[in-house]
**Student:** 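Sharing a structure below in structure tokens format, with a few things to ask.
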Protein chains: 2
Amino acid sequence: MIRVVLAEDQAMVRGALASLLGLEPDIDVVGEAASGDELLTVAARVQPDIALLDIEMPGMDGIAAAGKLRESLPGCRVMILTTFGRPGYLRRAMESGASAFLVKDSPARELAAAIRRVQAGERVIDPALAAAALSAGPNPLSPRERDVLIASANGSTISDIAAHLHLSEGTVRNYLSSAIQKTSARNRTEALQRAGDQGWL
Amino acid sequence: MIRVVLAEDQAMVRGALASLLGLEPDIDVVGEAASGDELLTVAARVQPDIALLDIEMPGMDGIAAAGKLRESLPGCRVMILTTFGRPGYLRRAMESGASAFLVKDSPARELAAAIRRVQAGERVIDPALAAAALSAGPNPLSPRERDVLIASANGSTISDIAAHLHLSEGTVRNYLSSAIQKTSARNRTEALQRAGDQGWL
DNA sequence: GGTACGCGGTGACATTTGTCAGACCTAGTC
DNA sequence: GACTAGGTCTGACAAATGTCACCGCGTACC
């Protein structure tokens with residue numbers, strides 16, 4: 001039996017995935033978690049073969065949880081299952097030691113097949129996504145530019161961001177300006193969208 | 001047997017929900033659709049008792065599809081199952097004739113229970129959401145203000161929006177300004193976020 | 001030692017954005 | 001007919017935003 005834990009914040013989706021996998025004779029869902037933090041404690045207790053993680057979760061996200069899990073349970077393989085196939089997500093997921101990257105747009109039957117391939121030692125990646133990740137270069141944003149862009153997401157003004165990051169307003173403007181240019185956008189909103197689409201945040 | 005069709009754009013979630021409902025002895029998933037448009041053709045063919053719709057779908061969204069379905073198949077009850085419980089969504093869903101409004105945060109076992117209650121003629125609404133909808137007033141945005149706000153979402157400039165909606169730039173600025181005030185925001189980004197949270201878009 | 005890069009800052013400048021007052025037209029309501 | 005609300009427009013103004021040039025500091029790397 002392949003022992004699997006699920007981490008996914010939406011309870012109904014989590015339960016539905018569990019029932020989907022429950023139909024497979026060789027797969028056993030031995031634990032569930034609603035956040036990255038919860039996953040780590042559950043995995044420590046049940047010692048799964050495979051952890052199936054969503055990226056978008058409250059608290060620690062799926063990619064961060066993947067990295068922690070690789071440290072604490074090296075024998076457990078990590079699979080990322082997420083809504084959006086952003087190239088940057090894939091890159092970060094692979095760097096944090098994931099064995100698979102699936103998107104929720106794929107047919108449901110592929111999930112069990114992917115789990116078996118990962119258990120056999122293969123790496124499973126959506127081919128279209130792999131191509132996109134190779135064609136898109138690495139993240140051009142410096143850490144600070146990234147911080148400033150993220151802080152501007154909820155409609156904050158320059159002075160809000162400056163206060164929040166303990167910077168001068170001029171510095172914030174400079175970072176924002178260079179982030180806008182690096183994303184070849186025309187304003188912060190567009191820059192935020194482009195960077196988000198690439199998975200640079 | 002209760003005959004159900006599912007409409008949900010993410011194939012894996014759709015398949016998982018189907019397998020979840022497949023476990024219930026009195027529920028039969030007789031059709032699936034990946035968009036609002038597809039739902040209407042599928043429902044016309046299989047004549048279900050209940051349609052379970054996600055809101056966020058490409059093309060016709062779940063609420064619009066609910067309205068159309070009520071016209072073409074008055075005997076079929078509509079249930080909305082969605083990620084976010086925005087008050088405005090609930091209001092619009094109810095106005096378009098939905099019998100239930102569930103959020104994906106709820107436990108998986110509640111889904112089958114809700115389906116049975118709807119089949120029995122009840123209306124099922126998340127109590128916390130109902131309270132939020134009652135406390136939040138109706139949508140204060142005029143149709144044009146709403147259009148302009150939506151068009152500004154992807155980082156468009158004033159002149160982009162003006163060209164797109166065939167308006168003068170001054171007019172766009174005026175609408176945007178009044179939308180910002182009605183949402184008590186400080187700029188369009190914040191206004192967009194507030195309006196989105198309320199389900200006013 | 002020189003060079004490059006990221007971080008943090010200043011000051012000046014042009015453009016964009018948000019606000020306000022006012023105008024005209026239409027459709028509905030009392 | 002008067003009144004209101006929404007839609008469309010203009011012009012003017014202040015504030016916010018984006019760009020540019022330039023400075024200093026530290027830490028890499030060759």
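In what follows, chains carry the letters A, B, and so on, assigned in the order in which the sequence lines appear, proteins first and then strands, with residues in each chain numbered from 1. Keep in mind that the numbers below use all heavy atoms, side chains included, and drop hydrogens, waters and symmetry copies.
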**Student:** Base, sugar-phosphate, or nothing for Ser142(B), non-hydrogen atoms under 4.0 angstrom?
**Tutor:**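 Ser142(B): backbone/sugar contact only, no base atoms under 4.0 Å.
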
**Student:** Any donor-acceptor pair under 3.5 Å linking the side-chain atoms of Thr82(B) with those of Glu56(B)?
**Tutor:**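 On atom types as modelled, these side chains qualify, holding a pair under 3.5 Å.
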
**Student:** Whole angstrom is fine here: how far is it from CZ in Arg188(B) over to P in dA16(D)?
**Tutor:**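 Rounded to the whole Å, the gap is 15 Å.
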
**Student:** Look at the side-chain N and O atoms of Tyr175(B) and state whether any lies under 4.0 Å from the OP1 or OP2 oxygen of dT8(D).
**Tutor:**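 Checking Tyr175(B) against dT8(D): at least one side-chain N or O falls below 4.0 Å of OP1 or OP2.
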
**Student:** Do Leu149(A) and Leu176(A) touch side chain to side chain, with heavy atoms closer than 4.5 Å?
**Tutor:**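 Counting from C-beta outward, Leu149(A) and Leu176(A) do come under 4.5 Å.
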
**Student:** Taking CZ from Arg186(A) and P from dA16(D), how many angstroms apart are they, rounded to a whole number?
**Tutor:**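 Those two atoms, CZ and P, are 23 Å apart.
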
**Student:** Could you tell me the separation between the CG atom of Leu176(A) and the P atom of dA16(D), rounded to a whole number of Å?
**Tutor:**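 Between P of dA16(D) and CG of Leu176(A): 15 Å.
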
**Student:** It should be established whether Thr171(B) places a side-chain nitrogen or oxygen under 4.0 Å from OP1 or OP2 of nucleotide dC9(D).
**Tutor:**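 Yes, such a contact exists.
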
**Student:** So, is Arg173(A) near the phosphate of dT19(D), with a side-chain N or O under 4.0 Å from OP1 or OP2?
**Tutor:**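 So the side chain of Arg173(A) is outside the cut-off, no N or O lying under 4.0 Å from OP1 or OP2 of dT19(D).
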
**Student:** To the nearest Å, how far apart are Glu190(B) CD and dG18(C) P?
**Tutor:**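 Result: 11 Å.
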
**Student:** Name the closest nucleotide to the Ser168(B) side chain, picking from dT17(C), dG18(C), dC9(D).
**Tutor:**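 Side chain of Ser168(B) sits closest to dC9(D).
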
**Student:** Considering only heavy atoms from C-beta outward, does the side chain of Thr189(A) approach that of Leu192(B) to under 4.5 Å?
**Tutor:**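 Result no, sub-4.5 Å side-chain heavy-atom pair not found.
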
**Student:** Rounded to whole angstroms, how far apart are CD1 on Ile158(B) and C1' on dG18(C)?
**Tutor:**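 About 8 Å, once rounded to whole Å.
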
**Student:** More 5' along DNA chain D: Pro143(B) or Gly170(B), using each one's nearest nucleotide?
**Tutor:**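 Nearest-nucleotide comparison on DNA chain D picks Pro143(B).
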
**Student:** Is atom CZ of Arg186(B) surrounded by more than 12 heavy atoms (other residues, nucleotides or ligands) closer than 6.0 Å?
**Tutor:**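 Atom CZ in Arg186(B) is packed in, count exceeds 12.
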
**Student:** Once you apply a heavy-atom cut-off of 4.0 Å, does Ser159(A) come out as touching a base, just sugar-phosphate, or nothing?
**Tutor:**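 Here Ser159(A) touches no strand at all.
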
**Student:** Would you mind classifying the nucleic acid contact of Arg144(B) as base, sugar-phosphate or nothing, using non-hydrogen atoms under 4.0 angstrom?
**Tutor:**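 Answer is sugar-phosphate: Arg144(B) comes under 4.0 Å of backbone atoms only.
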
**Student:** Between C1' on dC20(C) and CD on Gln181(B), what's the gap in Å once rounded to a whole number?
**Tutor:**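 Value for this atom pair: 9 Å.
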
**Student:** Here's a test of your reading of the structure: between Thr189(A) and Lys182(B), which maps to the more 5' nucleotide of DNA chain D?
**Tutor:**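 Mapping each residue to its closest nucleotide by heavy atoms, the 5'-most match is Lys182(B).
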
**Student:** Would you kindly give the CD1-to-P distance between Ile180(A) and dA14(C), to the nearest whole Å?
**Tutor:**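 Checked: the CD1 to P distance equals 19 Å.
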
**Student:** Do Asp49(B) and Arg77(B) meet the salt-bridge criterion of a basic N to acidic O distance under 4.0 Å?
**Tutor:**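 Judged by the 4.0 Å cut-off on N to carboxylate O distance, Arg77(B) and Asp49(B) do not form a salt bridge.
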
**Student:** Could you tell me the separation between the CG atom of Asn174(B) and the P atom of dC20(C), rounded to a whole number of Å?
**Tutor:**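 These atoms are roughly 11 Å apart.
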
